[in-house]
Structures are given as structure tokens and as C-alpha cells.
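Notes to accompany the following structure.
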Amino acid sequence: MEYNPQAIERKWRDYWEKNEIYRVSNESDKPKYYVLDMFPYPSGAGLHVGHPLGYIASDIYARYKRMKGFNVLHPMGYDAFGLPAEQYAIDTGIHPSVSTDDNIKKYRSQMDNLGFSFDWSREFRTSDPDFYKWTQWIFQLLFDSYYDTGADKAKPIAELIAHFETSGSEGVKAANQNDQTFTAVEWKAMSAVEQSDILTNFRMAFRKVAYVNWCEVLGTVLANDEVKDGVSERGGHPVEKRPMLQWSLRITAYAQRLLDDLQTIDWPDAMKTIQTNWIGRSEGAQLFFDLAGHDEKLEIYTTRPDTIFGATYMVLAPEHPLVDKITTKEQRAAVTEYLEYTNSRSERERMTEVKEVTGCFLGAYAKNPFTNNEIPIFIGEYVLMDYGTGAIMAVPSDDDRDYAFATKFKLPIIDVIDKSKYPAADRHDKLGIMINSGFLNGMEVPAAITLMLEKIEERGIGQRQVNFRLRDATFSRQRYWGEPIPILYDADGVPQKVDLSQLPIELPPLDNFQPTADGRSPLARKTDWVNQDGMTRETDTMPGYAGSSWYYLRYMDARNHDAFVSKSAVNYWQQVDLYIGGPEHGTGHLMYSRFWHKFLYDLGYVPTAEPFKKLINQGMIQGVIEFLYLSKSEDKKKRFVSADQVKNIEAYARIPVFIDFVSDYGSKDSYLSPQGIKQFVAWRTDYVDAVFVTEDGEFKVGAMPVTFKFQTHSEVGKMSKRYFNVVNPDDVVDKYGADCFRMYEMFLGPLEHSKPWDTQGIDGVSKFLRKMWGLFFDKNENFSVSDAAATPEEMKVLHTVIKKINSDIDRFSFNTCISAFMVATNDLKKMGTNKRAVLVPLVQLLSPFAPHVAEELWQRLGHEGSVTTEEFPQHDEQFLREDSITYPISINGKKRMTADFAADMSKEDLEKAALALPDLQKWIEGKEIRKVIVVVGRMINVVV
RNA sequence: GCCCUUGUGGCGGAAUUGGUAGACGCGCUGGAUUCAAAAUCCAGUUCCUUCGGGAGUGGGGGUUCGAUUCCCCCCGGGGGUACCA
């Protein structure tokens, strides 16, 4: 019988579903293992061949672990809230829940096509009220908690309130914004509003006015990781900084722990570095400068207290609260003008035009506490309000930006570090000998920093401080399609959490999804929903990352109505053992999940400090983009030139063409035939009268000779709708089968690498599967397996592949697994093997990779039940033993010949035997043998 | 700019601790089969060569009996981040 993947695959998928083969229990004597994929956002485009790469790898690993005796949790769901569905709703009027539902159905059918072993009984989407009830519950937990910096963990806010009631603010160690002090009596005398305002400074979920990223086009605020290069990550719309009252999460309280615990997890170095940089820890000093003529002190942060003798001026952020107060009359007009200028600049302009220094003198002066000189105070764009204190001491001699600023405004520059000993050092490197710096003179920089920190603390003008670049996470979104923030405001505007019995706060139906111009959520229009017995609802919704910050916990106990996850379930599954997903989530999802997880850990809801023990970032599968060169010049519009005739690329626009029209697609010589040109102009009808130029001349559509070849330009790039190069896995599966598709995706190369998709290459894997299938059938295509004993050669082939597959899966090297299968199959075919003793383990070995065909062969071999529950084969060294070894023999490290020697020969005997080889004589003749290196079992090297 | 990562035949890639560079597959070339094509099968395929051999893992240098692998410098690709004081 011929290998017919379509028939086999349907049969076994039905079998798996009917028998619930992949359903996993939370109760088992087996050790547990949790394999998770980053769940998809179901976009309208469906899956392309790149998406399943990680799912295939995790599926193979999950199947392997099952066969190795683990109870494996391997779930899937959907990240269903988010901007694209809402933008789609605005454009089409189709409710996001409807389009999301359609998209999910499509995703599900595409995934079902691939034979994954997900336990679908645990499936959910983040937009299910049953799920987001618990997202809201966690938010309330954050609202109800504060961070105790003494105990270094989050605690219930009730404990803080109890402390205020007995001791006031005395002795409180907590992560907060401002250090108000009050007694217990004063606390009790405060109004509810006053108390609430104070507590806001401590809550893990809190409201504050902050300079946030406001995106006018999207009508919402965005988190820092949702802004790339000064524009919104979704849609690329301009973003500006605006002070707005917003919900935020106090992730900064966890900065140090998020940094430290990176040491404890098995993640790629790249991912750890991304997070380390994003957290951006720096050590330095908080320092107070006296202001001339004012009582206030100016607080700054510096990592270079050693350079303070070189601080010749100061710079504040334009938004700094002291600016208005200390600006002198004479400078008022200039300052106002400068502030108008900075306000007019978008975030993007500010970021892209960093070369140019701008600033304005305030007329005010501060006193350098060590030189006692009065130094001028400026405002400047290069100082950011939301880092440090929004103010700096400027040391032009040792900071590039300060230097540029000082040069432009003709401010004094005092050299304080002699770098002549370190010629390679840059201005900002912490290297050199202190000069012009009073008591620091002659010291090396690191020692000077230490001494200066001591002096500062001794004099009481500041203290050591660790600063983080990490910002608190903006949590409000002025959008419809997200989880409503479960907060009610009373008549005084004091926020109260909604009672658990009232959760979930479901999204009310809405017809108009258009964002409002005044920065309020579309939900604000729904007044009957907003007003609740004298209370008003919060109308902002949660950001896209809310649900994904904890979804992996929900899979442990997905249908629980009484808790986000039961104690017993989370104690059993603990954490995700293996997490596979793209590397684009380093500063978003993976940061927030770690934060939420640690928070839940502090409050005793989860037993581990980290959510994801091991992380693998799969690479992207790229597509080939086919372009046509179109002349840019006005008079030659609609003139396409064959790629081989193009000399000056600048003169041509590149028009992407649908890849199905292109012959020899993806190759250097890809071209459009007359047929391809016809398809192209039928698709892009505006080019129906265009001219196509090749070396043979100019041709109009329809007037080309049969041999006409118009070369296209091929380039590797993203697989995307806009390049018309998307390959749908469904089409590949239709033609080759899911087993073949799965193995081919793995065969393409290492999981972590990005690599281009090449449909042509799949033939190799397809041939392999047929060859492998052929081992079980005789010449007349009848199933025919022999019970005869296997030969030592056959056993050697079998155990070689068993050993290789085991070790390669363990190190996630799936591409070499496929090669090993091919090698084994080729060898067995040459030997004409059809022995049961060889084929049974081979089928077991194959089943994680090609589960459908493995089930079919397993059944034909006479077994009942599924091969997926069988034990994974283990190799036996005795079958791998060799009597003789082929040694490579090198002269001076260059291989010249090989020779077979007995495997048990000693080093000395090998040396003697090798030197006696007749072939060797011409190489050593007349030369002195200096040394012979023999590595038993490996190689022999003769040095002459 | 800084940080991470990557560079091996025409292509995807292999070489797990420094030990036969190019496994496996695609493509290509030749052959068999066929009226022919597709499919299939067999053989060859890093480059140069005077057929002895020589060169070769982005480039240059180093350590070593031996380097794709370790060290230093430089160049290219991909990603992250960016007035962070």
C-alpha cells in the first residue's frame, strides 16, 4: 500500500480526539512537566508557515517527555484582547468579539491540521469573562497591596493602614513616591480623600499624574515597551508625552529582584541582557545643592560624584517643578519661549534630533557644595523629567552631552580627571587620576567615587542611591476591547475595589468604538453602565499585556470558578518548565509576567519565584520577496525593467509581486514568463498597458515571445501580506501531509535561527517518509514484517539512531534528529531490513516527530492503542561496540590517510603500527619524526 | 554610540569536551527507466590542479602536534536599546 498521509492523518486525529489521548490530569504519580507555547493573538490573517515552528518543537518535546514517563501539561489558548480587533471594529462596525471569534476558529482549524498534542479541554481566551474575572481579581490584589522594602516583598495594604493607625508614618519602609510624614493621630484625623491620596502612593496598582505616552490617533496611552522609535508599535502613529491621571503598576518595586533572579533561570543570554538593560540599574548618589536666594534645595542624581569639582553648571528638565519658581524676571521671556519650543516637539523629534543641543538659562544659581562656587542653572531638553530627579549637575569635562552643552553656551570646563595613563579611554569611562579636585587629587577614579560617597553622607548633603531606568508600567488604556478596570469611585472620587462577588465586571455591549478626543475611554459614553448607585465606574480598560501576564497559571486549572487556580493545582504544576516563543517579548510580556508572578509569590498564591524556568526563542521563518523594477522617471512611467538590465537601482521603484506568478521562485534567476506577466497585470490592472524591458528589447503585454523571461529581484525578508509572499501551512499539509510539514520545519535548521522558507526543499523529507514507510512493505506493497532476529549491523544502525535522537532532543537540536532518521532509513533500506525487532523501536522513536504515520505503522505492527503512551526507546551500548576503528592519520596536522586498527589497541601499539604503514613512508622518508600524538579511539598525528 | 547575536559549498545547514570540515537535504550534472514527460532509481557535486598535490569555515594575527571550535584586532548580517546623568 502506498503512503497516503491525508487518509492516515484524518483517521488518527479523529482517534486522538475521540479517546481524549492528550487529556492530562492534575493527579498523577508521575513527575510533572509543563511545556508552554506563547499563545497567539488571533489576527485576521491566520497562521503562516512561520507561526507553527515553535508549536511543532514544543509538541515534539511534550510527546517525548510523555513517552519518557512524565505527566505533561501542554495547553493552548488565545490572547484575544487588543488593538487590532478594535481598530477593525472601528473600520467595519463588526464587534471585536465577533471578529475575534472568527479568527480563533480559523487558528484552531489550522492548528488542528498539524496534529498537536494540546489538551484542548483547558483552552480559553483572555476575553472570556470566566478568565478575566481573575485578571480583575489580581488587579484588585495589586490595588490592595503595598511593597515593604524592609521585608522586600509585597504585603496587604491593610497591614500598612494598621501601622498608620498605631504609629503614623514612623518606621514605614515602603516603595512609594513621596515621603510625607504624619502621626497616628494625624492619620486618623484625615478625611477619606486625604487617606486615599496617601495610600495611592503605596499601592501596587495606583493612580497618579504622570508624563505618559499619549497616542492621539489610537486615542490611548501606551506603555514604554509599546512605543518604538517614538511612534506606537501598533500602527506607527506619533506619540507625545502628556501629563495624565492614569493607573500604573509599581513594577519598579521589583526592579532589583527582577534583575537578581535572572541568574536563577535558564534563558538565552540575549533575553537576559535585554531585560538587564531595560531594568537599567545604576549606582550613584542623590545630592542636594543649595539654591542662591531660595530655601529649597535642588535634588540631583549622579553616578559620578567623583567629578563634582568639575560641575560648572546645572540642568533641569523643562518640566521640572522648580523651573517656574526660580526663573528670574530677566530670563522669564526667554524661558517661556524655550518651553514653547520644547512643548511643540513630538517625542519622535526629540529622539531623532539628539545631535543638536538646546537649552535656556534660568537666571538662577546653585552652590557647588565642594567648590562653593555659584554655578548657573539651565533647562535643557536632554535632561528627562522621568529619570532620576529630572535634574543634573553638569560636568562638561567627563560627559559628552554636558561637554556639547557647555561648548554651545560657552560655560567653563574644568578638567578633573587625568586620562593620560589610559589613552584608549573615552570621556565617560571611569578611569584616570583625579586632578583639580581638592582632597581627591591623585586618586584613581574608583577610589575617588568611594571616598566622595562617604564625604557626601558625612556632610549630610546626600546619600548613596541605586537608580533604575525601569519605569512603573502605565496600566490604563482609553479603549474598549480590554478588561474593564474593576474600580468604582465614590462621590468624593475615592477609588474603591469592586466586591469579588461582583466580578467579573463584564464589558458592556457598545455600538460606537471610536475613541474620544478628550482622552476618555469609549466606555464613558455608556452612562447607564458608568453610574452605579451614586458611584461611578472606572471607564479605562486594561492593556494588552494584562491577561498574558498570568495566563500560564490558568491552564493548570482552567475551569475553576472559585479561584484563579486551585492551591493543589499550582502546587502540583509549580511553574512552566519549558516556554517557547519569539524573542520580541523581552521587555513586555516576559517582564510583566515575571513581575505578576513574583507579586503572587509574595502573597503566597504561587509556590515559585519565577514563572518560566527555561525559555527558548524560536527564530522567524522568512519569506522570499519578489520585486519588479519600475522606472521612477516621470516620462517613463509604467516601464518595468528586467532585474539583469538594471544598473542604477536608485532610479527604480521596487514593486512586490505575488509569488505564485513567479517562475523559479526564490532562485537567483527567478523570472516572469509571458503567462506570469499576464497574471501580474490581471492582478494589478493599472499596469495593463505597461512596457517590459529585457535584453531582447521592449515588449507590451500579450506581445511577448514564448521564450520571454523577465527577471525579478528576489530578497529574503518578512513573510507578510504586504509582500504577497505568505505561505499557508494548510496548503503545504494538503499536498504533503502534516507529518511531513512538521518534520520539514524542524529540518530547516536550528530552532533559534531565522531562516527562509523554501517549499522546494520539502521533497527531501517527503521522500524520506515514503522510504521509511517502504521498509514495512514488500515489492507488491503488502505489509510485510519479519520476526527473524536482527543482524548485528541492523542493531547497530538502530541503536545509533536511538542514542542520537535521545541526546539531540535533550538539547533541542531537532534538525539533526531528522538527519539521523534519514541516515538510519537509508542504511536500513540498503540492508533490506524488515525485522520487527528493528522497526518497532523505530516507530516509537519517530512518533513525537511524525505522530500520524507512527500510529498507523504501530497499528499495522499489531498493537492496540496509541504509540504515544509507549515508552521511548533507550539505546544499549553493547550494540554500538566496534571491533576496529578507522583512524585518520595526519602529518603535521593535515590528514593524509586512514587506517583500520583494532579497537582495543594501546597507545604504544597504535604508534608502532601507524609508523609501520607502507603508505606513510613517502611522507616521513628523509625527515626526522619529532613526535607522534595518538588519541585512542580518535586520531593519530605524526609531527616531522 | 552601547549591548547581545551571527558569518562554513550554488542554497538550508552538520561537525555535542580543540581531533577525518562540508553529515543530511535541496539544487545542479550525467546515466537508467519512458514514445515522451512527470515520478522513481543509480552515480557525481567545496575550489584550484601540470592529477604529484595545493588552498579552504567573513578578513588579519596569535596559542597548539592539531583551531569552524580558544584569545586579540578588523569587516559584514540580524536583534535590543538609546540624550538614563
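By convention in this document, chain letters (A, B, ...) are assigned in the order of the sequence lines, proteins followed by strands, and residues within each chain are numbered from 1.
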Donor-acceptor contacts under 3.5 Å from residues 617-625 of chain A side chains, at least two apart:
residue, atom, partner, partner atom, Å
A:N617, ND2, A:G581, O, 3.2
A:N617, ND2, A:G582, O, 3.4
A:Q618, OE1, A:G581, N, 3.4
A:Q618, OE1, A:G582, N, 3.3

Send over the distance from A:I891 CD1 to B:G52 C1', rounded to a whole Å. 16 Å
Whole-Å distance between B:U40 P and A:E2 CD? 11 Å
B/S/- along nucleotides 18-26 of chain B (protein heavy atoms under 4.0 Å) is -BBS-BBSS
Using whole Å, what does the distance between atom P of nucleotide B:A85 and atom CD of A:E283 come to? 12 Å
Euclidean distance, atom CG of residue A:N617 to atom C1' of B:G80 [Å, nearest integer]: 12 Å
I'd like to know if A:E2 pairs up with A:R770 as an ion pair, taking the criterion as any Lys NZ or Arg NE/NH1/NH2 lying under 4.0 Å from an Asp or Glu carboxylate oxygen. no
Salt bridge check: are A:E283 and A:R281 linked by an N-O gap of less than 4.0 Å? yes
Could you tell me whether A:R281 contacts a base, only the sugar-phosphate backbone, or nothing, with contacts defined as non-hydrogen atoms closer than 4.0 Å? nothing
Between B:G59 and B:U40 - P atom distance, rounded Å: 38 Å
5'-most by nearest nucleotide on RNA chain B - A:K829 or A:S754: A:S754
Nearest-Å distance, OH (A:Y313) to C1' (B:A85)? 11 Å
Start with the C-alpha distance between A:T358 and A:F405, add both sets of side-chain angles, then the distance that settles side-chain contact (heavy atoms from CB on, under 4.5 Å), and finish with yes or no. CA-CA 8 Å; A:T358 66; A:F405 194 90; over 6 Å; no
Starting from C1' on B:C3, measure out to CZ on A:R469 and report it in whole angstrom. 12 Å
By the 4.0 Å heavy-atom rule, please label A:P750 as base, sugar-phosphate, or nothing. sugar-phosphate
In whole angstrom, give me the gap between the P atoms of B:C48 and B:A38. 29 Å
Dot-bracket for RNA chain B, please, read 5' to 3', with Watson-Crick or G-U wobble pairs under 3.5 Å on both distances, ( ) within the strand, [ ] crossing, | other strand, . unpaired. (((((((..(((......[....)))((((((.......))))))(((....)))..(((((..]....))))))))))))....
Does a side-chain N or O of A:R896 approach OP1 or OP2 of B:G54 to a distance below 4.0 Å, or not? yes
